[in-house]
2 protein chains.
Amino acid sequence: MATIKEVAKRTGMSPTTVSRVINNHPYVDDKKRRIVLEAMDELGYVPNSSARRLRGQKTNTIAVIISRIVNPFFSHLVDAMELIAGEKGYQLILCDSRLDKERELRHLELLKAKQVDGVILASLQNDWETIKPFTKYGPIVMCNEYDRRAELPMIRCNQYEGGYIGTKHLIEKGHTNIAYAGGANRIELTYDRWKGFMKAMDEHGLTIPDEWMFPSFYGIEDGKNIFHRIYAMQNGPTAIFAGGDEVAAGIIQEAKRFHCRVPDDLAVVGYDDQPLASLIDPGITTINQPTKLMGTRAMEIMVDMIKNQRKVTFKEEILPLELVIRQST
Amino acid sequence: MATIKEVAKRTGMSPTTVSRVINNHPYVDDKKRRIVLEAMDELGYVPNSSARRLRGQKTNTIAVIISRIVNPFFSHLVDAMELIAGEKGYQLILCDSRLDKERELRHLELLKAKQVDGVILASLQNDWETIKPFTKYGPIVMCNEYDRRAELPMIRCNQYEGGYIGTKHLIEKGHTNIAYAGGANRIELTYDRWKGFMKAMDEHGLTIPDEWMFPSFYGIEDGKNIFHRIYAMQNGPTAIFAGGDEVAAGIIQEAKRFHCRVPDDLAVVGYDDQPLASLIDPGITTINQPTKLMGTRAMEIMVDMIKNQRKVTFKEEILPLELVIRQST
DNA sequence: CTGAAAGCGCTTACAG
DNA sequence: CTGAAAGCGCTTACAG
């Protein structure tokens with residue numbers, strides 16, 4: 001309610017001096033400083049954020065675009081980011097693209113309107129060509145998702161390795177008929193995963209028929225559907241590489257319901273190492289992603305770019321992935 | 001980059017007219033409108049959000065304070081809120097109290113600095129006395145959490161009923177030795193749950209020893225700890241009412257590991273009906289909360305209060321809870 | 001239908 | 001160490 005003017009009037013000083021006190025500026029007489037502080041307290045004065053934004057040309061706000069907050073992978077990612085943002089004095093605007101191009105773009109517009117100081121992009125429904133124009137409005141950092149053509153800081157995992165180690169594990173377990181539900185190849189992240197998958201297959205002279213490839217599946221229900229499609233096959237696969245633990249969980253749960261034994265009849269590799277991976281029975285063999293570290297680094301880099309006004313200091317941080325073996329393989 | 005002035009200069013019109021075009025004000029000559037629109041497009045002009053905030057004395061931003069985003073209950077709640085906020089033209093600031101009083105208070109300060117138009121409080125670490133002073137700075141809506149003394153809109157569930165039906169179910173299954181891990185009684189929400197629990201117990205002349213009460217437990221690890229404490233007891237309980245599915249899952253998982261049969265040796269009732277409740281084996285008998293509806297209603301009411309500048313139209317919406325029976329009981 | 005002017009609440013050169 | 005003045009980029013009475 002109270003403004004800087006009122007504090008000034010009440011203390012008989014100028015708004016300038018009051019402002020200096022607010023901002024811990026030196027060169028303010030100690031006695032005056034105390035008087036101003038007291039008046040601020042009495043009036044319950046708090047500097048108006050909108051005015052500071054306009055004047056200072058910064059918002060102390062960062063937008064985080066993710067694709068599905070109810071996916072534990074993203075809630076953990078956001079959790080890490082929120083913690084760092086808070087420590088550094090930034091607010092976090094949560095933007096859910098809901099796997100939708102238009103929504104993602106609309107959220108990116110926040111940068112144009114100077115509604116945020118920067119955007120962390122952890123969703124990538126659009127191509128780089130579409131995203132690129134936004135880079136001139138402010139800093140963008142990619143997190144988890146990436147694109148080879150992008151010249152932005154990218155904090156991400158080695159998805160090629162993820163595809164490779166998961167598949168190799170299945171092959172070492174004796175499987176030669178392996179299905180793949182690791183995501184659409186349109187997206188770089190999942191394309192690399194696919195390449196890792198194929199690398200392991202190639203090394204052992206294995207191939208995969210088209211019908212065993214399931215693109216664009218995300219949730220538990222999707223996993224159930226995949227199981228049914230496999231279950232209906234004459235000579236189906238004996239193992240499947242799933243692109244997420246939720247998909248893997250759906251497959252496993254439905255398999256159990258239909259008395260298909262996991263891993264004996266169907267081995268399953270998940271991805272993410274979410275809490276549920278160790279909770280369900282059999283536990284899901286999966287690829288652990290350093291989610292917390294990714295979120296932390298992305299936010300740290302974002303804040304660094306804002307504070308030091310760095311121009312696209314293009315750099316990529318590629319974090320290692322790890323195979324966690326449980327009972328589903 | 002471009003400002004309204006530059007658009008004005010380029011078109012030879014006044015900033016006033018440009019502003020009218022931006023805001024779809026009527027009474028602008030159609031031809032001029034087109035010229036302005038074209039200039040805006042060419043310049044890539046987007047109105048500066050900070051200036052609009054200051055001038056308009058509103059931020060079109062709402063803060064949501066939750067206590068733990070990695071808890072699926074909250075990620076689903078936030079998911080519903082984000083959707084509605086987007087539809088209504090509001091941005092959502094995610095504030096995680098991390099079950100910490102100070103953090104919660106610091107987030108409430110956003111209201112004082114007019115950094116948000118309103119706050120949805122879905123975390124309640126502080127007493128009502130501490131929260132109350134903030135109500136004069138802007139609208140606050142409580143969601144899920146509540147306090148009898150609060151005169152705010154509160155969208156919440158009937159926790160008394162939740163405690164009652166869950167416990168009654170256990171009693172009907174033949175249990176007389178029932179433990180309780182439904183949360184601290186300091187908080188109204190969990191106190192009501194406790195009262196519902198006791199109501200069911202009283203009706204059947206049952207009592208609970210102090211050692212069987214486990215306050216303030218939240219996650220999977222907590223559940224594991226609870227199991228071990230029960231497991232170590234001489235004449236322990238044969239059933240437990242847990243305050244969340246994560247706690248229940250932890251109990252169940254650890255029970256299995258120690259060859260304690262669920263539900264035969266230990267029956268478990270969870271709370272929330274999270275996805276994992278139906279994924280783990282045995283499935284968790286739990287209390288379904290209408291999470292999506294709660295989030296939706298809280299956000300709708302928040303937006304309504306902001307848009308219509310309603311003063312504390314104190315009202316409470318109490319949503320029904322439902323028992324979902326699975327295999328853990 | 002249109003524009004000049006004031007003002008939202010701050011902060012920052014600038015001058016003293 | 002202190003203050004008057006300008007200005008951040010808008011929108012809205014007000015006057016025409």
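Labels below follow one simple rule: chain letters A, B, ... track the order of the sequence lines, proteins then strands, and each chain is numbered from 1.
OP1 or OP2 of C/dG3 has at least one side-chain nitrogen or oxygen of B/Thr17 nearer than 4.0 Å. Residue A/Lys32 places none of its side-chain N or O atoms closer than 4.0 Å to OP1 or OP2 of D/dC1.
Distance A/Arg33 CZ to D/dG3 P: 14 Å, rounded to the nearest Å. Following rounding to the nearest Å, A/Ile4 (CD1) and C/dT12 (C1') show an atom-to-atom distance of 12 Å. Rounded to an integer number of Å, the gap from CG of A/Leu43 to P of C/dG9 is 14 Å. As rounded to whole Å, 12 Å separates atom P of C/dC10 from atom NZ of B/Lys114. Following rounding to the nearest Å, A/Met40 (CE) and C/dC10 (C1') show an atom-to-atom distance of 13 Å. Atom CE in A/Met13 sits roughly 18 Å away from atom C1' in C/dT11 (whole-Å rounding).
Heavy atoms from other residues, nucleotides or ligands lying under 6.0 Å from OH of B/Tyr191 number 12 at most.
Judged purely by distance below 3.5 Å, without hydrogens or angles, the side chains of A/Ser123 and A/Glu104 pair a donor atom with an acceptor atom.
Remark: DNA chain C takes part in the stems C:1-3 with D:14-16, C:5-12 with D:5-12, C:14-16 with D:1-3, each of 3 or more antiparallel Watson-Crick or G-U pairs, criterion distances under 3.5 Å.
Of the C1' atoms belonging to C/dG16 and C/dT12, the separation is 16 Å, rounded to the nearest Å.
Sorted by first and then second residue, the pairs that involve residues 42-65 of chain A and meet salt bridge (charged side-chain N to carboxylate O under 4.0 Å, His left out), not counting sequence neighbours, are A/Arg10-A/Glu42.
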**OP:** Evaluate the criterion side chain to side chain contact (heavy atoms under 4.5 Å, CB included) for residue pair A/Leu319 and A/Met294; output intermediate values, then yes/no.
**Re:** CA-CA 8 Å; A/Leu319 308 176; A/Met294 255 197 295; 3.5 Å; yes
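Residues B/Gln115 and A/Gln91 meet the side-chain proximity criterion, which asks for heavy atoms closer than 4.5 Å. Between A/Asn144 and A/Phe73, the closest side-chain pair of non-hydrogen atoms falls below 4.5 Å.
In this structure a side-chain-to-backbone donor-acceptor pair under 3.5 Å is missing from A/Asp117 to A/Ile62. Looking only at distances, a side-chain donor or acceptor of A/Lys114 sits under 3.5 Å from a matching main-chain atom of A/Tyr137.
Nearest heavy atoms, B/Met302 versus B/Ile120: SD-CG1, 3.8 Å.
For the side-chain contact (heavy atoms from CB on, under 4.5 Å) test, residues two or more places apart in sequence or in another chain that qualify with B/Asn308 are B/Asp304, B/Arg310. In terms of the salt bridge (Lys or Arg N to Asp or Glu O under 4.0 Å) criterion, B/Arg186 has no residue partners (sequence neighbours excluded).
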What pairs of nitrogen or oxygen atoms, one from the protein and one from nucleotides 5-8 of chain C, lie under 3.5 Å apart?
unit_1	atom_1	unit_2	atom_2	d
C/dG7	N2	B/Arg55	NH1	3.4
C/dC8	O3'	B/Gln57	NE2	3.2

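DNA chain D lies under 4.0 Å from at least one heavy atom of each of the following residues of residues 19-30 of chain A: A/Arg20, A/Tyr27, A/Val28, A/Asp29.
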